[in-house]
Amino acid sequence: MDDDYVLLLLADSNLPTGSFVASSGLESYTAHGFLAHPHSAALLAFIHDSLHSYARTALPVVSDAHRVVAPPAESVDNPLAALMSLDAFYESITLNHVARRASTSQGVALLTLYTKAFAPPNAHPLASLIDQLKLAVRRGDTHGHLPLCWGVLTGTLGLSLDRAQHLALFLHARSLLSAAVRMNTIGPYLAQQLLLRDVRPIVNTLVTQCATISTAIFTDCNRQVADELPLDGPANTWPLGEILAMRHDLQHSRIFNS
């Protein structure tokens, strides 16, 4: 499938992924009085910190999941087991229940999108793998987190890893700005201006910095020497954002589920 066309398809704001109901902690951040005037500067600071933390935690999972399914696929004996290991890893580094809830909701939506809209009409090994992953989520054997499912979806559709990483961060930033518009924090024109002028260099820089970070799940377990193991790995870089996101359900009224 043409890489450019897949990119346009997945960037469509009408894609039924459930991201419309998520603010990724922005609503709680605002309710706790952290979004001071001027709103545009404070919002940009939030986006900057949120993107940095998301890139460091989610992109390694996206990358490893993409490598499992995209040709030439990662050499693993059991792709489903490998994906479930990645899913369990992301569950363990996602520290609050609100972020977990939003992530699994959107992840399952991506799997459903593939099976109902993107799956080939004829039997295909990767389509079968996604069906098995979706069934495992339904059975409660795995969680179906967004970064994992994004890596699987983009890898299956043939989108390059670089573009899958770039689009993951772009869509995260766009969803934050979309939430800000619906909260009446900023207007739609300013949102597009920020996305074009201010968010773009942040996304580009983070993709460059985090593109090669791995979960190391597929690293040879026989390597016991510390110097042989990767020194750079997934990390949550914004504890304040994690704490405020955790308090989302404590608000008296809210319009987002995260």
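- Contacts of H39 classified as ring pair (Phe, Tyr, Trp, His ring centres under 6.0 Å), with partners at least two apart in sequence or in another chain: H37.
- Looking only at distances, a side-chain donor or acceptor of S23 sits under 3.5 Å from a matching main-chain atom of S258.
- For F34, the ring pair (Phe, Tyr, Trp, His ring centres under 6.0 Å) test picks out Y29, with sequence neighbours left out.
- Considering CG of L9 and CZ of F118, their distance stands at 4.0 Å, rounded to 0.5 Å.
- When side chains are defined from C-beta on, S24 does not count as touching Y54, because their heavy atoms never get closer than 4.5 Å.
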Contacts under 3.5 angstrom, residues 122-133 side chains, donor-acceptor by atom type, not counting sequence neighbours:
from : atom 1 : to   : atom 2 : distance (Å)
H124 : ND1    : L126 : N      : 3.1
S128 : OG     : Q132 : NE2    : 3.3

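- Here the closest heavy-atom approach between residue A180 and residue L43 is recorded as CB-CD2, 3.7 Å.
- A pairwise comparison of heavy atoms in L86 and A65 identifies CD1-N, 3.6 Å as the closest pair.
- The OG1 atom of T112 sits 3.5 Å away from the NZ atom of K134 when rounded to the nearest 0.5 Å.
- Distance alone, capped at 3.5 Å, places no donor-acceptor pair between the S103 side chain and the A99 backbone.
- With hydrogens and angles left out, the side-chain atoms of N257 and H248 include no donor and acceptor closer than 3.5 Å.
- Residues passing the side-chain contact (heavy atoms from CB on, under 4.5 Å) test with L161, sequence neighbours excluded: S63, H66, R67, Q165.
- Counting all heavy atoms, side chain and backbone alike, A216 lies closest to D64 at N-OD2, 4.1 Å.
- The distance from atom CG of L110 to atom CG of L10, rounded to the nearest 0.5 Å, is 8.5 Å.
- The shortest non-hydrogen separation linking L171 to A11 is CD2-CA, 4.4 Å.
- Looking at S178, its side chain never comes within 3.5 Å of a backbone N or O of R174 through a donor-acceptor pair.
- Residue F20 is not grouped with residue V108 when hydrophobic side chains (ILVMFWY) are merged at heavy-atom distances under 4.5 angstrom, including chains of intermediate members.
- The nearest pair of heavy atoms linking A235 to R56 is O-CB, 3.1 Å.
- With sequence neighbours left out, R182 forms a salt bridge (charged side-chain N to carboxylate O under 4.0 Å, His left out) with no residue at all.
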Indicate every side-chain donor-acceptor pair of residues 183-200 with a distance under 3.5 Å to a residue at least two apart or in another chain.
none

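- Looking at heavy atoms from C-beta onward, L169 lies out of side-chain contact with I202 at the 4.5 angstrom threshold.
- By the ring pair (Phe, Tyr, Trp, His ring centres under 6.0 Å) test, H52 pairs with H48, sequence neighbours left out.
- Between L167 and L7 the shortest side-chain heavy-atom distance falls below 4.5 Å.
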Donor-acceptor list for residues 236-244 side chains, cut-off 3.5 Å, not counting sequence neighbours:
from : atom 1 : to   : atom 2 : distance (Å)
N236 : OD1    : S53  : OG     : 3.2
N236 : OD1    : W238 : N      : 3.0
N236 : ND2    : E242 : OE1    : 2.7
T237 : OG1    : S53  : N      : 3.3
E242 : OE2    : L95  : N      : 3.2
E242 : OE2    : N96  : N      : 3.2
E242 : OE2    : N96  : ND2    : 2.8

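- For the atom pair T142 OG1 and L80 CG, the distance stands at 8.0 Å (nearest 0.5 Å).
- When side chains are defined from C-beta on, L157 counts as touching Y114, because their heavy atoms get closer than 4.5 Å.
- No single ILVMFWY cluster, assembled from side-chain heavy atoms under 4.5 Å apart, contains both I93 and I213.
- Within 6.0 Å of CZ on R247 lie no more than 12 heavy atoms contributed by other residues, nucleotides or ligands.
- Judged as a salt bridge (charged side-chain N to carboxylate O under 4.0 Å, His left out), and not counting sequence neighbours, the contacts of R163 are D3, D4.
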N/O donor-acceptor pairs under 3.5 Å from side chains in residues 148-155, not counting sequence neighbours:
from : atom 1 : to   : atom 2 : distance (Å)
W150 : NE1    : A164 : O      : 3.0
T154 : OG1    : W150 : O      : 2.8
T154 : OG1    : G151 : O      : 3.3

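- Closest heavy-atom contact between A82 and V68: CB-CG2, 4.5 Å.
- The distance from the CG atom of L111 to the OG1 atom of T17 is 12.0 Å, given to the nearest 0.5 Å.
- To the nearest 0.5 Å, the span separating CG on L176 from CG on L44 amounts to 11.0 Å.
- Counting only distance, with no hydrogens or angles, the side chain of S28 and the backbone of G25 share no donor-acceptor pair below 3.5 Å.
- For H145, the ring pair (Phe, Tyr, Trp, His ring centres under 6.0 Å) test picks out Y90, H143, with sequence neighbours left out.
- Qualifying salt bridge (charged side-chain N to carboxylate O under 4.0 Å, His left out) partners for R100, counting only residues two or more places apart in sequence or in other chains: E91.
- Both V62 and L113 belong to a common hydrophobic cluster when Ile, Leu, Val, Met, Phe, Trp and Tyr are linked at side-chain heavy-atom distances under 4.5 angstrom.
- Proximity of a side-chain donor or acceptor of R254 to a complementary backbone N or O of D249 within less than 3.5 Å is detected.
- A 4.5 Å side-chain heavy-atom check between N204 and H166 finds at least one atom pair inside the cut-off.
- Follow the hydrophobic side-chain contacts under 4.5 Å out from L35 and you reach V181 in the same cluster.
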